[in-house]
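All residue numbers refer to positions in the sequence shown, counting from 1. In listed order, ligands and their atoms are each counted from 1.
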Amino acid sequence: MKVVVIGAGIAGLAAAWELVRTEGCEVTVLESERRAGGVIVTEHREGFIVEGGPDGFLAGEAELPALAAELGIGDRVVDQRARGTSLWTGTALTPVEDGRAAAVLGIEAKSAEVAAGFRSFAAGMSQPVVALSQRLAGVLKFTQGVAGLTRAGDRWRIAITGGSTHETDGIVLALPAYAAGRLLESVGVTHARALAEVTYLPSVTVSLAYRADQLGSPMSGAGFVVDPNIVGAQHAAPLPNHAPLHLRACTYASAKFPGRAPAGHVLLRAFLAPGDGDPANAAHTQLAAILGLRGEPLWSRAFHWPRGLPRYHAPHRDHLSEVRHRLTRLPPIAIAGAGYDGAGVSACVRSGREAGRLIARWMAR
Ligand SMILES: Cc1cc2nc3c(=O)[nH]c(=O)nc-3n(C[C@H](O)[C@H](O)[C@H](O)COP(=O)(O)OP(=O)(O)OC[C@H]3O[C@@H](n4cnc5c(N)ncnc54)[C@H](O)[C@@H]3O)c2cc1C
């Protein structure tokens, strides 16, 4: 039995991991980019570990430690070190409850869950992606953007950008909701149009490296969030040129998790609302004003997320169950990923694994 997983973000990789361990399943993962992981991007630079997308997962979530144990990297899970978040009010940093700080960043979690802290991996969030990619070597196919789906009797035909096609018995669609919605609509699942209503919020993250002696005062806690009422407001920070404040939050990356910066250095990660101008300059200027940084950063690295974290709207659950119900009338196909049952990395792992198991059960009938 052939199964194709479309999309090699963490949800697709988790689905494929579930399927390759199912007897009699021949699995292929088609990924449009040249790398796996989707929005999980970790770069190693001059002894720093730089996260472009997620930097951790909630400590109470079991999905990643369980997956890591299966992959033989269970001992690479690391706990959050510095705790506590501040609120930048426009004039001062004051302590704020963790749940409120998370809400400012669009993290949908209960206060108690956030209060338990976060965990990550010693080599960064891409560590499970790398381990999965190694286990899925030969299964993972890059630069294979899926352009269309058609039914071929009780099987599927998948068209790849550039002209080639794959025939398969089952599919796990592990794409962002808007992309999955388009493909499903084209095979007659008209309800899938509703998946386009999941909004993917744009954001920019900028990592900046400094020497520790450039800090005005020692960093306290794991970072700060900016009062949402002043994001974008004029004169919100004591900036020399009174530029609009696009900064939403800053993580003290080297204080939060171990090994993120070499000794004597700090790594900061700024979250910016998209706007005009150079985000690295904006991040440094605004952080310098808030944290009293002296001089220029050693280097900076910006990641642009035109469609970043998904946010669901009220009838999402109803739409989703209707779409899933319609999928049962087609040859085996399941959806997985951040657009459906939770946007966090752990929820995506769970969603991918469930989709993989669903297809395996379906095909075993
Ligand atoms: C900036 C940022 C910070 C975040 N921080 C956190 C955090 O700290 N903790 C946390 O738990 N979560 C965080 N998240 C959320 C979490 O990282 C994501 O929701 C999750 O990783 C998404 O995984 P996914 O597999 O569903 O989708 P994606 O990662 O989007 O993967 C989809 C894959 O499909 C591929 N693809 C797209 N179209 C096609 C096509 N036509 N054919 C083939 N392949 C295609 C893409 O290239 C991509 O590889 C963050 C997200 C962002 C953007």
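Closer than 4.0 Å to atom 31 (O) of ligand 1 lies at least one heavy atom of the protein.
For CZ of Arg329, the number of neighbouring non-hydrogen atoms (other residues, nucleotides, ligands) closer than 6.0 Å is greater than 12.
Residue Ala11 places at least one N or O, backbone or side chain, under 3.5 Å from an N or O of ligand 1. When only interatomic distances are considered, the shortest N/O to N/O separation between Gly56 and ligand 1 falls below 3.5 Å. In terms of polar-atom proximity, Gly308 is not counted as a contact of ligand 1, lacking any N or O under 3.5 Å from an N or O of the ligand. The shortest N/O to N/O separation between Val39 and ligand 1 falls below 3.5 Å. In terms of N/O distances under 3.5 Å, ligand 1 is not approached by Glu33.
Contact annotation: for Leu30 versus ligand 1, heavy atoms closer than 4.0 Å belong to the backbone alone.
No heavy atom of Ala179 sits closer than 4.0 Å to any atom of ligand 1. For Glu61, the heavy-atom gap to ligand 1 stays at 4.0 angstrom or more.
Within the structure, side-chain hydrogen bond (donor to acceptor under 3.5 Å, both in side chains) contacts touching residues 206-215 (residues at least two apart or in different chains) are Tyr210-His284, Arg211-Asp213.
Ring geometry for Trp299 against Phe48 counts as perpendicular: the plane angle is over 60°, on a 0 to 90° scale with 30° as the lower cut.
Counting the atoms of ligand 1 from 1 in the order shown, those under 4.0 Å from a heavy atom of Ala338 are 19 (O), 22 (C), 26 (O).
Cluster partners of Ile6, by chain and number: Val4, Leu30, Val146, Leu149, Trp156, Ile158, Ile160, Ile171, Leu173, Leu175, Leu183, Leu184, Val187, Val189, Leu195, Leu320, Val323, Leu327, Leu330, Ile333, Ile335, Tyr340. The rule joins Ile, Leu, Val, Met, Phe, Trp and Tyr whenever side-chain heavy atoms lie under 4.5 Å apart.
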Check the pair Arg353, Glu70 against salt bridge (Lys or Arg N to Asp or Glu O under 4.0 Å), reporting the backbone distance first and the verdict last. CA-CA 13 Å; Arg353 296 189 84 149; Glu70 290 168 29; 2.7 Å; yes

